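Below is one structure; the comments refer to it alone.
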Amino acid sequence: MGVLALLATAVIWGAAFIAQKLGMDHLGPFAFNALRNALAGFALLLLLALRRRADGAAPSSEDAAARRNTWRGGWWCGIALFAGMALQQIGIGDCSPGVCAFLTTNYVLAVPLIGLFLGRRPGRTTWIGVAAAVAGTYLICVTDGWRGGVGKGELFTLACAIAFGVDVLVVDHWMRKPGVDVLKLCMIQFFVCALLSLPFMALPSERALLGWANVRAGAGAILYCGFISSGIGYTLQNVGQKSVSAPLAAILMSLESTFAALFGWLFMHDVLSPRQLSGCAIVFAAVLFTQLCDVLRK
């Protein structure tokens, strides 16, 4: 059941790249993120209410330290998630869902590199994976000859991969704190991400698109990303990771990039060039290689 839950998560998150791309046709990146994260927060608030009802409305047994860890963790995780989501949403406006998904997958390799600043030295296999991922990323991004430039969308997406790498480490840190309620932390995280997006909606580029007509036109994409991708996806991730090892979970969830490319081809006629497909394959192989080596080493 854990494996199936994580596979479902990969499919849901892969399709979310299509919704994010469609959402950019109607709203600015910060308005879209504010709405989707607010909906995700309310979805988890509903789940918490249902959980409490199933428990017979029993009073919470968590102590003050656990509540403090949950709230502080939610805020810090929300800040990290806001950075990753904002950069990704800006990036996907100027590149295809498949390219955005495979470039975002680099966050798996960014985690051990960021760990260098925390005194954690990556192993040899990680450096091999990083070198392969750099080569694959080059093939994905530089499509105009061997000396061409990297587009704005690709640059923002690469930055988002680093931000999501930080997010993984922040979440891992706070999830290990005693008494942390995972659902509550995720709910706070989404509301913080929505709150941080609000000031940026005052930008001229955001105000130009902000209106009830555009919100209604992009409602399908917002609802999918809010309720299904964030609300259900993150819940399935938590369910799956309870019974699946972390390296295997990372491998299963990295399949979201493959599903994103597939859905982009099916629903948006998004065709990647042979060079880009080669780069995608190399990046995916690099991620698989590092995770599988971690499994075998353990």
Side-chain angles (χ1 to χ4, degrees), residues 5-6 8-24 26-52 70-92 97 100-101 104 107 160 163-164 166-168 170-172 174-175 180-201 206 210 214-216 218-241 253 256 259-260:
L6 291 173
T9 302
V11 174
I12 289 170
W13 285 353
F17 284 92
I18 312 303
Q20 287 177 249
K21 183 71 173 179
L22 293 173
M24 289 293 287
H26 309 289
L27 291 167
F30 294 102
F32 184 84
N33 279 341
L35 291 170
R36 72 171 285 188
N37 282 289
L39 284 174
F42 282 115
L44 290 188
L45 187 62
L46 177 61
L47 277 177
L48 284 167
L50 292 173
R51 186 182 71 177
R52 187 173 180 183
T70 300
W71 277 94
R72 288 176 64 190
W75 272 93
W76 282 110
C77 293
I79 293 169
L81 182 66
F82 163 75
M85 277 194 168
L87 291 166
Q88 186 185 64
Q89 194 62 30
I90 295 170
I92 203 171
C100 183
T104 302
Y107 81 89
C160 104
F164 278 131
V166 173
D167 179 58
V168 168
V170 172
V171 170
D172 180 70
W174 286 102
M175 288 295 186
V180 167
D181 187 311
V182 176
L183 272 183
K184 284 184 181 178
L185 186 144
C186 288
M187 179 194 70
I188 297 165
Q189 177 187 33
F190 288 134
F191 280 132
V192 169
C193 192
L195 186 65
L196 292 175
S197 301
L198 292 178
F200 293 92
M201 291 167 61
E206 293 279 327
L210 194 59
N214 282 353
V215 172
R216 188 170 55 185
I222 296 167
L223 288 170
Y224 183 89
C225 288
F227 281 119
I228 299 177
S229 176
S230 295
I232 296 176
Y234 276 89
T235 304
L236 286 174
Q237 178 194 6
N238 291 330
V239 170
Q241 286 194 262
M253 288 188 293
E256 68 173 300
F259 285 118

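Only heavy atoms go into these numbers, but all of them, side chains included; no hydrogens, no water, no symmetry mates. Residue numbers count from 1 along this sequence. Just so it is clear, the model here is predicted, and its values are computed rather than measured.
Counting heavy atoms from C-beta outward, Thr70 and Trp174 have side chains that stay 4.5 Å or more apart. Two residues are said to be in side-chain contact when any heavy atoms from C-beta on lie closer than 4.5 Å; Thr104 and Glu256 fail this criterion. Between Leu45 and Phe190, the closest side-chain pair of non-hydrogen atoms is not below 4.5 Å. Residues Leu47 and Leu44 are in side-chain contact: their nearest non-hydrogen atoms beyond the backbone lie under 4.5 Å apart. Between Glu206 and Pro29, some side-chain heavy-atom pair lies under the 4.5 Å cut-off. In this structure the side chain of Ile79 never reaches within 4.5 angstrom of the side chain of Val170, judged on heavy atoms. Val192 is not listed as a side-chain neighbour of Trp76, based on a closest heavy-atom distance of 4.5 Å or more. In this structure, the side chains of Leu81 and Phe164 come closer than 4.5 Å at one or more pairs of heavy atoms.
A donor-acceptor pair is defined here as one N or O able to donate and one able to accept, closer than 3.5 Å; such a pair exists between the side chain of Gln89 and the backbone of Gln20. Side-chain N or O atoms of Asn33 include none that pairs as donor or acceptor with a backbone N or O of Ser197 at under 3.5 Å. Counting only distance, with no hydrogens or angles, the side chain of Ser229 and the backbone of Tyr224 share no donor-acceptor pair below 3.5 Å.
Taking the six-membered ring where the residue is Trp, the centroids of Phe42 and Phe227 are separated by 6.0 Å or more.
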